[in-house]
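Accompanying notes for the structure given below.
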Amino acid sequence: MSHPRVSGVGLTHFGKHPERTGRDLFAEASERALEDAGVDRATIEQLNYGNFMGALSEHQGHQGPLMAEAAGIPDAPATRYESACASSGVAVREAVKDVRNGEADVVLVGGAERMNNLGTAGTTEALAIAADDLYEVRAGMTFPAAYALMAKAYFDQYGGSREELAEIAVKNHDNALDNEYAQYQKPISVEEALDAPMIAEPLGLFDACPITDGASAAVLVSDEYAETHDLDAPVALTGTGQGGDKMALQDRNYLARTPAAERAAEEAYADAGIGPQDVSVAEVHDCFTIAEVLALEALDFYAPGEAIGAAARGETTRDGDRPINLSGGLKAKGHPVGATGTSQVVEMTRLLRGDHPNSDAVGGEVGVVHNAGGTVASTTVHVLEVRT
Amino acid sequence: MSESEERVRDEGYDDFLDAVAEGEGFYLECPEGHGWLPPRRVCPECGATDLEEVPLPESGAVETFTTVHVASPEFVEDTPYVTAVADFGAVRLTGQIWDVEPDAVEVGLEVTPDVGETETAGERVLMFRPY
Ligand SMILES: [Zn+2]
């Protein structure tokens with residue numbers, strides 16, 4: 001089987017850009033990806049685009065063709081994928097399948113989200129639609145509240161403290177210091193994190209990712225295309241997996257584990273012919289600090305109950321055995337929801353090929369990206385490897 | 001959804017709330033004993049389609065909870081409030097805990113379900129009282 005290559009990647013700055021339209025954000029990211037890929041715009045066969053809340057924040061549905069037009073490929077078949085925060089992870093996965101199947105040789109993938117124009121209350125309301133409206137949202141469950149319920153369940157079942165969660169936030173802020181695309185390029189301390197206002201106990205402001213506007217894009221090409229056109233594309237997408245779970249927390253078998261991500265990881269590892277022990281670096285979906293813990297356990301880097309102290313022990317910091325979220329993660333780099341899945345692929349590609357400010361912290365050639373939707377009712381996991 | 005009078009009912013869900021308000025809460029159970037809240041036609045656990053209404057136990061135990069300080073516009077004036085997932089045996093319910101100080105809520109607290117009205121929007125909300 002031929003594995004698609006990541007031939008080019010692009011991002012906008014992730015941050016507070018309330019006045020920038022989604023179409024302008026995606027135009028910038030895709031322009032950068034095309035430039036980086038060195039492929040002619042006219043050769044792009046399709047656009048796989050992820051977006052979550054554009055219908056609410058921009059009153060804009062039918063974003064596929066709009067974004068293709070913004071990227072300068074108005075005639076290309078373009079589809080918008082929506083899977084909450086995993087929207088563009090799913091867009092990537094579908095592109096990988098199409099390239100493998102021989103349906104396409106050159107695909108533009110990406111995503112965008114405009115959020116800050118809604119303000120904090122409006123964004124809180126919009127994000128909540130990723131939960132079960134009848135049985136969760138109408139009981140006052142916000143997105144942070146849902147993760148707080150999982151954090152509380154985790155503490156109750158396995159133990160853990162707010163200090164250990166704070167260490168994860170501190171680590172991810174440190175990782176973002178040199179990332180010019182990151183929303184926060186400033187360090188924080190454990191004390192600051194613990195003293196920050198509560199959002200949904202036990203999660204405070206510094207346990208949560210910020211509200212972010214931004215876009216991401218990547219050009220995926222078939223092996224054959226890369227070879228024929230002499231493209232410099234050393235990173236291949238060698239494994240893909242997707243898992244699902246029941247929508248509402250109350251209906252899940254576990255409150256402190258994420259089986260959707262476990263299934264996605266198992267599938268992606270088998271697909272790539274690797275195991276968790278082969279992975280040297282990962283970008284995981286840390287929309288909240290507790291989410292990084294759940295991700296590391298689902299990826300089988302740690303047994304259930306063991307990952308809570310990983311950052312505090314220095315195992316996942318940039319000098320640790322397996323650095324996690326060297327981009328800064330959703331926590332510090334930012335989380336423009338629909339852009340996040342592809343942005344993780346962008347960051348991992350840069351980390352592995354050596355042009356990321358934190359590439360020197362990568363001690364191997366296999367990376368994994370983990371993108372979760374809602375309270376992990378859907379997840380994609382991808383394996384990226386250097387293949388020269 | 002501020003015009004609550006005009007909201008079209010959600011069949012199943014609103015029937016469930018009506019029943020809880022009457023003190024006659026129920027859930028749907030498959031022959032294997034898996035429990036779900038309506039509307040539901042298939043048991044997502046085992047695929048059974050012959051689901052039966054059975055009475056909800058009078059009380060359940062809080063399994064996890066959070067005190068919400070930052071809410072969506074529909075709940076701003078309700079903050080801080082406690083949202084909890086409580087275990088009623090075959091089903092869990094998600095609701096707000098009323099009549100208890102947030103600091104006094106703990107895992108294992110026995111609660112009974114009822115229907116209240118939110119302060120902000122005047123909407124019906126599933127809530128728990130100490131049992
Ligand atoms: Zn069943």
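Just so we're on the same page: letters track the sequence lines, and every chain starts at 1. All of these numbers come straight from a predicted model, not from anything done at the bench.
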Task: Option that, when pairs with chain B are counted at under 4.5 Å, heavy atom only, ranks first among A:Gly140, A:Ala148, A:Ala200, A:Ala153 - done: A:Gly140
TODO: First locate atom OH of A:Tyr135, then atom CZ of B:Phe16, and finally report the distance between them rounded to the nearest 0.5 Å.
DONE: 5.5 Å
Open item on the list: For a 4.5 angstrom cut-off between non-hydrogen side-chain atoms, does B:Phe65 reach A:Glu201?
Closed with: no
- [ ] Tell me, for A:Asp132 versus chain B, whether the close heavy atoms (under 4.5 Å) come from the side chain, the backbone, both or neither.
- [x] neither
TODO: Assess whether side-chain contact (heavy atoms from CB on, under 4.5 Å) is satisfied between A:Gln250 and B:Glu63, documenting all intermediate values.
DONE: CA-CA 10 Å; A:Gln250 65 183 21; B:Glu63 201 171 332; over 6 Å; no
Open item on the list: Can you tell me if B:Glu110 has over 12 outside heavy atoms packed within less than 6.0 Å of its CD?
Closed with: yes
Task: Inter-residue atom distance A:Glu136.CD - B:Leu126.CG, 0.5 Å rounding - done: 12.0 Å
- [ ] With a 4.5 angstrom heavy-atom cut-off, could you sort out which part of A:Ala145 is near chain B: side chain, backbone, both or neither?
- [x] both
Task: Pick from A:Thr120, A:Leu127, A:Val137, A:Asp156 with the largest number of heavy-atom pairs that fall under 4.5 Å of chain B - done: A:Asp156
TODO: Run the numbers on A:Lys152 and B:Thr64 for side-chain contact (heavy atoms from CB on, under 4.5 Å), then give the verdict.
DONE: CA-CA 6 Å; A:Lys152 175 76 183 161; B:Thr64 183; 3.2 Å; yes
Open item on the list: Does any backbone or side-chain atom of B:Val68 lie under 4.5 Å from a heavy atom of chain A? Answer side chain, backbone, both or neither.
Closed with: both
Task: Heavy-atom pair with the smallest gap, counting every atom of B:Glu74 and A:Glu125 - done: CG-OE2, 3.9 Å
TODO: Using a cut-off of 6.0 Å, state whether more than 12 heavy atoms not belonging to B:Arg41 lie near its atom CZ.
DONE: no
Task: Residue pair B:Asp10 / A:Leu134, side-chain heavy-atom distance below 4.5 Å - done: yes
- [ ] Look at B:Val91, B:Thr118, B:Val125, B:Thr94 and state which one has the largest set of heavy-atom pairs under 4.5 Å with chain A.
- [x] B:Thr94
Task: Atom pair CG (A:Asp251) and NE2 (B:His34), whose distance is rounded to the nearest 0.5 Å - done: 12.5 Å
TODO: With a 4.5 angstrom heavy-atom cut-off, could you sort out which part of B:Tyr13 is near chain A: side chain, backbone, both or neither?
DONE: both
Open item on the list: Looking at chain A, which one of B:Leu17, B:Asp78, B:Thr66 has the largest number of heavy-atom pairs inside 4.5 Å, strictly under?
Closed with: B:Thr66
TODO: Against chain A, work out which of B:Pro80, B:Pro38, B:Gly95 has the most heavy-atom pairs shorter than 4.5 Å and name it.
DONE: B:Pro38
Task: Interatomic distance, B:Gln96 atom CD to A:Arg138 atom CZ [nearest 0.5 angstrom] - done: 14.0 Å
- [ ] May I ask you to say whether B:Glu45 pairs ionically with A:Lys246, meaning some side-chain N is under 4.0 Å from a carboxylate O?
- [x] yes
TODO: Heavy atoms only, distances under 4.5 angstrom: which of A:Leu255, A:Leu205, A:Leu149, A:Leu203 has the most pairs with chain B? Name it, please.
DONE: A:Leu149
Open item on the list: Would you say that more than 12 heavy atoms from the other residues, nucleotides or ligands in this model lie under 6.0 Å from the OH of A:Tyr158, or not?
Closed with: yes
TODO: May I ask you to name which of B:Val107, B:Thr67, B:Val76, B:Thr79 has the most heavy-atom pairs under 4.5 Å with chain A?
DONE: B:Thr67
